[in-house]
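Worksheet for the structure shown next.
Just so it is clear: chains get the letters A, B, ... in the order the sequence lines come, proteins before strands, and each one is counted from 1.
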Number of protein chains: 2
Amino acid sequence: MKEEIQLETIKRCSSQYILALNDTLNVINGKWKLPIIGILLYGKKRFKELQREITKITPRMLSKELKDLENNGIVKRTVYDTTPVMVEYELTESGKTFNRVLDTMVEWGIEHRENILHK
Amino acid sequence: MKEEIQLETIKRCSSQYILALNDTLNVINGKWKLPIIGILLYGKKRFKELQREITKITPRMLSKELKDLENNGIVKRTVYDTTPVMVEYELTESGKTFNRVLDTMVEWGIEHRENILHK
DNA sequence: CGGTATCCTCACCGATACTG
DNA sequence: CAGTATCGGTGAGGATACCG
């Protein structure tokens with residue numbers, strides 16, 4: 001588990017607030033999680049498909065990030081008993097609604113660019 | 001500048017979208033930026049005040065994170081020509097509206113916890 | 001196909017001391 | 001007060017090779 005951002009230093013905030021924020025940060029955290037989520041928003045994918053669509057990710061990192069996302073309840077992993085074995089990854093309900101967070105981040109980013117230009 | 005999350009791998013997204021998202025990620029990025037913003041949301045603070053309110057941050061890191069936030073247009077630094085010198089940090093307009101992003105992150109985090117419990 | 005195992009680098013961050 | 005300088009550890013992530 002990665003060292004967390006020091007949210008507990010915001011003393012005025014409830015621990016509920018901090019736990020929830022940390023959960024969200026854990027989804028964002030790492031170089032490849034948002035790209036993975038971004039692709040899975042369009043539907044189920046197999047390991048090799050993800051690797052092809054995410055330029056330059058190594059299997060090591062893809063495996064690690066998918067495990068993290070699975071442990072955090074963002075991604076569901078399904079193994080089909082075929083030969084050779086087939087594994088599919090898809091977003092959970094939480095994973096799908098994470099879209100809202102991304103949208104808010106993008107909206108703020110766009111407004112921020114406008115704020116800076118108009119000064 | 002830190003290496004960016006590989007957003008360009010989400011090929012279906014516009015570069016506008018990716019730039020905006022990266023701007024937002026730059027505000028989040030680092031161990032102490034959210035704590036600093038969280039405190040500055042309550043008003044202007046001096047360097048030493050921030051150091052006191054954020055437990056265990058070293059002046060080195062506080063200085064670095066404040067510079068990053070200033071460069072990103074989130075924090076405004078004002079030097080008063082007194083003796084000894086007095087420096088105040090406050091949020092810009094963008095910094096203040098960043099609250100919306102935090103709120104969305106907290107909302108998602110809370111819903112996510114509920115999703116997990118009800119399974 | 002769907003991953004592990006190993007090794008290695010570099011940037012993040014802490015500790016400590018010092019400065020204008 | 002408001003920082004900077006220097007040193008050093010650690011862990012995220014890349015490269016490459018291999019496995020069932």
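- One interatomic measurement links the two molecules: CD1 of B:Ile54 to P of C:dC13, which rounds to 13 Å at whole-angstrom precision.
- Among residue pairs with one or both ends in residues 96-117 of chain B, those qualifying as ring pair (Phe, Tyr, Trp, His ring centres under 6.0 Å) are A:Phe98-B:Trp108, A:Trp108-B:Phe98, B:Trp108-B:His112; sequence neighbours excluded.
- Taking side-chain N and O atoms only, B:Lys56 has no distance below 4.0 Å to OP1 or OP2 of C:dC13.
- Here the P atom of nucleotide C:dC13 and the CD1 atom of B:Ile36 are 11 Å apart, to the nearest Å.
- Applying the side chain to side chain donor-acceptor pair (under 3.5 Å) test to A:Lys64 and every residue at least two apart in sequence or in another chain returns A:Asp68.
- Following rounding to the nearest Å, A:Leu62 (CG) and D:dT16 (P) show an atom-to-atom distance of 18 Å.
- Listed by chain and number, the hydrophobic cluster partners of B:Leu117 come to none, as no ILVMFWY side chain reaches under 4.5 Å of it.
- Note: CE (B:Met61) to P (C:dA11) measures 15 Å, nearest angstrom.
- Of the possible polar contacts, none joining the B:Glu53 side chain to the B:Leu50 backbone as a donor-acceptor pair under 3.5 Å is found.
- Apart from B:Tyr80 itself, the hydrophobic cluster it occupies contains B:Met86, where clustering links Ile, Leu, Val, Met, Phe, Trp and Tyr at side-chain heavy-atom distances under 4.5 Å.
- When hydrophobic residues (I, L, V, M, F, W, Y) are linked wherever their side-chain heavy atoms come within less than 4.5 Å, A:Leu19 remains an isolated member.
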At a cut-off of 3.5 Å, list every protein nitrogen or oxygen paired with a nitrogen or oxygen from nucleotides 1-4 of chain D, distance to 0.1 Å.
from  : atom 1 : to      : atom 2 : distance (Å)
D:dC1 : O3'    : B:Arg46 : NH2    : 3.2
D:dA2 : OP1    : B:Arg46 : NE     : 3.0
D:dA2 : OP1    : B:Arg46 : NH2    : 3.2
D:dA2 : OP1    : B:Val87 : N      : 3.1
D:dA2 : OP2    : B:Lys48 : N      : 3.2
D:dG3 : OP1    : B:Arg77 : NE     : 3.4
D:dG3 : OP1    : B:Arg77 : NH2    : 2.6
D:dG3 : OP2    : B:Tyr89 : OH     : 2.4
D:dT4 : OP1    : B:Lys67 : NZ     : 2.8
D:dT4 : OP2    : B:Ser63 : OG     : 2.5
D:dT4 : OP2    : B:Lys67 : NZ     : 3.2

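- Not counting sequence neighbours, the partners of B:Lys96 by the side chain to side chain contact (heavy atoms under 4.5 Å, CB included) test are B:Leu91, B:Glu93.
- In this structure, CG of B:Asn29 is placed 14 Å from P of C:dA11, rounded to the nearest angstrom.
- Rounded to 10 degrees, the angle separating the terminal axes of the helix from C:dC1-D:dG20 to C:dG20-D:dC1 is 50°, with each axis obtained from five end pairs.
- Not counting sequence neighbours, the partners of B:Arg113 by the salt bridge (Lys or Arg N to Asp or Glu O under 4.0 Å) test are A:Asp23.
- Atom CD1 of B:Ile57 and atom C1' of C:dC12 are 13 Å apart (whole Å).
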